[in-house]
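First comes the structure, then the notes that go with it.
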Amino acid sequence: MKLVSVVFILLVTAVTHCVSLVLPLDCSDIYNHDNSQPSGVYTIYPIGATSAVQVFCDMDSLGGRWMVFQRRMDGTVNFYRPWDYYKFGFGNAAGEYWLGLENLFHLSLRKKYELLVDMEDFSGNTAFARYSSFSIKPESDGYRLNVSGFTDGGAGDALTYHNGQRFSTFDRDQDSAEVNCARLYLGAFWYNHCHHANPNGVYRWGPDGTVYAVGVSWNQWRGHDYSLKSISMKIRPVQ
């Protein structure tokens, strides 16, 4: 009887190990399995076998292997949403979407990541900001942001201002300001007092100062009143 139990345990362990090898945690795992895979939508498993979620994998930028967790590109998805949407994710990986804070947290537990923020304006100009370290804390700590190691790709450093901040939505105000930054700037982010970057703001078309700083902005590049054509935030494991 003991021998049967030991064999059963060994089989379960072997199967579990094989499953963990087959199910990719992120886009880097997909790339490492087959480096000929093109950029596109893939399925990852950030919290285990029952956590399948689709993401866009950027296999081209700066060596590839980037997993996009936030993307704006055409204004087809409403990003002014409450806490639970930002916790669990929304949108479509083939277009505009947010992966979900809970997924990001669990990825942060498993690997050390770097961050790339790509952006484009309505004149076709592009820029990026890169950070050598990116992670977030659990929900009990407000999914607090930890980001450092800035490298300039022409965009300037808008994100260091948000380092150490908890995530805020219009129905969960966790910023450092006396006002509700998410309500005031019609978005959701790791707001401080309030923002230098507002990637989840209202999708507008270029320069528009009608309502101050509510657009999809990266202040250090095009200013608070320029709403970008596209922006994406993506991570990959540090090698």
Side-chain angles (χ1 to χ4, degrees), residues 18-77 79 85-120 126-136 143 145-147 149-151 153-155 159 167 189-190 197 199-200 203 216 218 228-239:
C18 288
V19 168
S20 67
L21 290 176
V22 171
L23 301 180
L25 180 70
D26 54 25
C27 296
S28 182
D29 286 349
I30 293 169
Y31 178 91
N32 291 337
H33 179 70
D34 180 1
N35 61 16
S36 67
Q37 295 279 24
S39 295
V41 176
Y42 295 87
T43 301
I44 62 167
Y45 300 82
I47 315 179
T50 60
S51 67
V53 61
Q54 287 193 320
V55 296
F56 188 89
C57 293
D58 177 355
M59 301 301 194
D60 300 305
S61 300
L62 300 175
R65 302 185 294 113
W66 299 99
M67 187 203 73
V68 177
F69 69 83
Q70 182 271 3
R71 186 162 69 162
R72 310 294 299 278
M73 57 193 295
D74 53 20
T76 54
V77 174
F79 273 65
Y85 282 85
Y86 275 94
K87 177 179 179 178
F88 296 113
F90 58 88
N92 188 321
E96 297 194 327
Y97 75 102
W98 175 265
L99 176 62
L101 291 162
E102 192 65 13
N103 286 324
L104 277 178
F105 164 64
H106 281 277
L107 288 166
S108 296
L109 285 178
R110 304 279 291 277
K111 295 181 181 181
K112 292 182 178 179
Y113 286 95
E114 59 176 320
L115 170 70
L116 178 65
V117 187
D118 279 326
M119 59 199 81
E120 181 182 2
T126 60
F128 70 85
R130 188 174 179 178
Y131 299 84
S132 61
S133 179
F134 171 89
S135 65
I136 65 172
Y143 294 119
L145 174 66
N146 292 298
V147 64
F150 169 69
T151 299
L159 207 53
F167 200 89
F189 202 56
W190 292 280
N200 299 325
Y203 193 89
V216 180
W218 189 270
L228 300 170
K229 179 181 180 181
S230 67
I231 188 168
S232 59
M233 305 181 74
K234 55 194 79 171
I235 57 175
R236 72 178 177 191
V238 176
Q239 289 186 317

Taking the side chain as C-beta and beyond, is there a heavy-atom pair between [X] and [Y] under 4.5 Å?
X: Leu104; Y: Ile235; answer: yes
X: Tyr203; Y: Val77; answer: no
X: Pro24; Y: His33; answer: no

Between [X] and [Y], does the ring centre distance come in under 6.0 Å?
X: Phe167; Y: Phe105; answer: no
X: Phe79; Y: Trp98; answer: no
X: Phe128; Y: Trp66; answer: no

Which atom of [X] lies closest to which atom of [Y], heavy atoms considered:
X: Ser232; Y: Val68; answer: CB-CG1, 4.3 Å
X: Ala127; Y: Gly154; answer: CB-C, 3.8 Å
X: Val55; Y: Cys27; answer: CG2-SG, 3.9 Å
X: Val238; Y: Ser132; answer: CG2-O, 3.6 Å
X: Pro199; Y: Ala197; answer: CD-C, 3.4 Å
X: Ala52; Y: Thr43; answer: CB-CG2, 3.9 Å

Check: [Y] main-chain N/O paired with [X] side-chain donor or acceptor under 3.5 Å:
X: Glu120; Y: Thr126; value: no
X: Gln54; Y: Asn92; value: no
X: Glu96; Y: Gly91; value: no
X: Tyr97; Y: Phe56; value: yes
X: Gln37; Y: Ile30; value: no
X: Arg130; Y: Gly149; value: no
X: Ser39; Y: Met59; value: yes
X: Ser108; Y: Ile136; value: yes

For the [atom1] atom of [X] and the [atom2] atom of [Y], what is their distance to the nearest 0.5 Å?
X: Lys234; Y: Ser61; atom1: NZ; atom2: OG; value: 4.5 Å
X: Met119; Y: Lys229; atom1: CE; atom2: NZ; value: 15.5 Å
X: Thr50; Y: Leu23; atom1: OG1; atom2: CG; value: 10.0 Å
X: Met233; Y: Asn200; atom1: CE; atom2: CG; value: 8.0 Å
X: Trp218; Y: Ile231; atom1: CH2; atom2: CD1; value: 6.0 Å
X: Tyr45; Y: Asp29; atom1: OH; atom2: CG; value: 12.0 Å

Subject >> ring-ring contact (aromatic ring centres under 6.0 Å, His included) between Phe69 and Tyr113, intermediate numbers included >> reply: CA-CA 12 Å; Phe69 69 83; Tyr113 286 95; 9.7 Å; no
Original post:
Of the options Arg236, Arg65, Lys111, which is the one that meets Asp26 in a salt bridge (charged side-chain N to carboxylate O under 4.0 Å, His left out)?
Top reply: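 So the option named by the test is Lys111.
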Subject >> Chi angles and distances behind the side-chain contact (heavy atoms from CB on, under 4.5 Å) call for Arg72, Leu228 >> reply: CA-CA 9 Å; Arg72 310 294 299 278; Leu228 300 170; over 6 Å; no
**OP:** Would you sort out whether Ile44 and Asn103 count as a side-chain contact (heavy atoms from CB on, under 4.5 Å), showing the intermediate values?
**Re:** CA-CA 10 Å; Ile44 62 167; Asn103 286 324; over 6 Å; no
Original post:
Taking the six-membered ring for Trp, are Phe90 and Tyr85 parallel (under 30°), tilted (30 to 60°) or perpendicular (over 60°)?
Top reply: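 Correct class here is perpendicular.
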Original post:
side-chain contact (heavy atoms from CB on, under 4.5 Å) between Val147 and Trp190: does it pass, once the steps are laid out?
Top reply: CA-CA 11 Å; Val147 64; Trp190 292 280; over 6 Å; no
